[in-house]
Amino acid sequence: MDFEQRYSDFPALKQEIVMLMGRGCFWKRCTFCDYYGDSGPDGQSVPLNRNVLQRVTGKYHRLVVLNSGSYFELPGETQAQIMAVCADQTITALHMESHWRFKDQVVALKKTLADAGIALHPRIGIETFDEGFREEVMDKGMGRGVTPKEIAGIFDECCLLFGMQGQSTGQFKKDLAIAKSHFKTVYLNLFNPNTTKVQADDNLVQWFIRNAPELKKDPQLVVLTENTGLGVGD
Ligand code: SF4
């Protein structure tokens with residue numbers, strides 16, 4: 001990934017977004033995912049992340065930190081630098097992503113940041129609330145019996161993924177309704193063909209693209225038809 005693809009000034013959402021390099025996703029099993037490849041040893045990622053974070057100006061007081069995995073898989077030195085950037089650039093809202101299995105760390109980070117006057121907005125990739133599909137087809141690793149209410153008690157943003165073979169418009173509508181009723185912001189990601197064996201369903205993809213303009217009118221939704229829709233990534 002080019003350096004330029006690691007920072008985005010996103011006025012529509014009034015946020016700066018950085019795509020940092022971590023140690024690599026611990027899970028690496030989600031069948032649709034091949035982006036956990038953006039990882040490296042701390043000797044490579046720490047200086048890279050430092051240069052990316054130096055671009056943050058704090059102009060919106062809102063920073064989104066992404067990496068190909070969970071926030072807690074960033075080197076400790078990078079996590080410390082994020083805290084320093086938040087202090088130096090008067091960031092009052094920090095968004096990050098985490099797998100469900102780090103939920104206790106999310107809760108702890110939220111408390112630490114609240115004490116520092118920073119609101120943490122944790123985001124989770126749920127992809128679908130159809131647990132059978134999520135756990136057996138997608139292999140998300142969240143386990144079964146986790147309720148939307150339980151997830152929303154910790155995370156206030158969620159991502160849904162649509163357009164894979166085996167999904168349906170009916171399930172998408174159910175997922176959207178559940179997500180909207182529990183989460184402050186919902187990211188709707190269209191599945192983009194990648195190096196995994198997972199295939200896109202062209203009919204579902206076209207249906208989503210036809211419906212995207214209407215979905216984009218909803219301020220609770222961020223509709224992404226391309227993986228690079230937030231201005232970061234490749
Ligand atoms: S979707 Fe997230 S949790 Fe799943 S393998 Fe990819 S980086 Fe890891």
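Index from 1, following the sequence.
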What heavy-atom pair brings Leu230 and Phe10 nearest, and what distance separates the two atoms? O-CD1, 3.4 Å
Hey, does Ser98 have a side-chain heavy atom less than 4.5 Å from the side chain of Ile154? no
Any donor and acceptor pair, going by atom type alone, linking the side chain of Thr31 with main-chain N or O of Val137 inside 3.5 Å? yes
Just wondering, do Thr169 and Leu204 contact through their side chains at under 4.5 Å, heavy atoms? yes
Is there a path of hydrophobic side-chain contacts, each under 4.5 Å between heavy atoms of I, L, V, M, F, W or Y residues, that connects Leu66 with Phe3? no
Check whether any side-chain heavy atom of Leu188 lies under 4.5 Å from a side-chain heavy atom of Phe208, and answer yes or no. yes
Start with the C-alpha distance between Asp115 and Lys111, add both sets of side-chain angles, then the distance that settles salt bridge (Lys or Arg N to Asp or Glu O under 4.0 Å), and finish with yes or no. CA-CA 6 Å; Asp115 291 345; Lys111 183 172 182 328; 3.4 Å; yes
Summary of salt bridge (Lys or Arg N to Asp or Glu O under 4.0 Å) pairs that have at least one residue in residues 170-198, sequence neighbours excluded: Lys180-Asp218
Might you work through the side chain to side chain contact (heavy atoms under 4.5 Å, CB included) test for Val232 and Val18, ending with a clear yes or no? CA-CA 7 Å; Val232 290; Val18 289; over 6 Å; no
Salt bridge (Lys or Arg N to Asp or Glu O under 4.0 Å), that's the test. Do Arg55 and Glu4 meet it? Break it down for me. CA-CA 10 Å; Arg55 297 192 62 183; Glu4 287 304 316; 3.3 Å; yes
Joint hydrophobic cluster, Met1 plus Tyr35, side-chain heavy atoms closer than 4.5 Å: no
Can you tell me how the ring of Phe162 sits relative to the ring of Trp207, calling it parallel under 30°, perpendicular over 60° and tilted otherwise? perpendicular
Within the structure provided, determine whether Lys216 and Leu221 are in side-chain contact (heavy-atom separation under 4.5 Å). no
How about Val106 and Phe72: do any of their side-chain heavy atoms sit closer than 4.5 Å? yes
With side chain to side chain contact (heavy atoms under 4.5 Å, CB included) as the test, would you mind laying out the steps for Val65 and Leu20 before giving the verdict? CA-CA 7 Å; Val65 173; Leu20 304 181; 3.7 Å; yes
Would you name the heavy atoms of Ala200 and Val205 that are closest together and state the gap between them? CB-CG2, 4.1 Å
Is there a side-chain contact between Arg50 and Val46 in this structure, where contact means two heavy atoms from C-beta onward sitting under 4.5 Å apart? yes
Grouping I, L, V, M, F, W and Y whenever their side-chain heavy atoms are under 4.5 Å apart, do Phe191 and Tyr36 come out in a common cluster? no
Does a side-chain heavy-atom distance below 4.5 Å link Gln171 with Phe133? no
Relative to each other, are the rings of Phe26 and Phe102 parallel, tilted or perpendicular (30° and 60° limits)? perpendicular
Nearest 0.5 angstrom please: Tyr71 OH to Gln79 CD, how far? 4.5 Å
Measure across Glu16 and Tyr60 and return the closest heavy-atom pair with its distance rounded to 0.1 Å. N-CD1, 3.9 Å
Can Met164 and Glu127 be said to form a side chain to side chain contact (heavy atoms under 4.5 Å, CB included), step by step? CA-CA 11 Å; Met164 282 172 55; Glu127 325 307 355; over 6 Å; no
Heavy-atom donor-acceptor pair, Asn49 side chain to Met21 backbone, under 3.5 Å: yes
Taking it one step at a time, do Asp9 and Thr57 satisfy side chain to side chain contact (heavy atoms under 4.5 Å, CB included)? CA-CA 10 Å; Asp9 175 341; Thr57 65; over 6 Å; no
Got a second to check how far His99's NE2 is from Cys30's SG, nearest 0.5 Å? 5.5 Å
Scanning both residues in full, the closest heavy-atom pair of Asn194 with Asp34 reads CB-OD2, 3.2 Å
Do any pairs count as a salt bridge (Lys or Arg N to Asp or Glu O under 4.0 Å) and have a residue in residues 17-33, sequence neighbours left out, and if so which ones? Arg23-Asp42, Arg29-Asp139
Please say yes or no: joined through hydrophobic side-chain contacts below 4.5 Å, possibly via intermediate residues, are Ile82 and Leu109 part of one cluster? yes
Taking atom CH2 of Trp100 and atom NZ of Lys140, what is their separation to the nearest 0.5 Å? 13.0 Å
Taking the side chain as C-beta and beyond, is there a heavy-atom pair between Ile91 and Val56 under 4.5 Å? yes
At what distance, to the nearest 0.5 angstrom, does CD1 of Ile151 lie from CD1 of Ile126? 4.0 Å
Among Asn67, Asp38, Asn51, find the residue that satisfies the side chain to side chain donor-acceptor pair (under 3.5 Å) test when tested with Arg6. Asp38
Group every Ile, Leu, Val, Met, Phe, Trp and Tyr by side-chain heavy-atom contacts under 4.5 Å, then state whether Leu160 and Val222 land in the same group. no
Of all the heavy-atom pairs spanning Phe155 and Ile124, show the shortest one and how long it is. CD2-CB, 3.5 Å
Does Gln167 reach the main-chain N or O of Leu161 with its side chain, forming a donor-acceptor pair under 3.5 Å? yes
Rounded to the nearest 0.5 Å, how far apart are SG of Cys86 and NE2 of His61? 12.5 Å
Closest heavy-atom contact between Tyr187 and Glu157? CE1-OE1, 3.9 Å
Under 3.5 Å, side chain of Gln220 to main-chain N/O of Phe183, donor-acceptor pair present? yes
So does Asn227 get a backbone contact from the side chain of Asn189, meaning a donor-acceptor N/O pair under 3.5 Å? no
Roughly how far, to the nearest 0.5 Å, is CD of Gln165 from CG of Asp202? 8.0 Å
Considering residues, nucleotides and ligands other than Glu77, do more than 12 of their heavy atoms fall under 6.0 Å from its CD? no
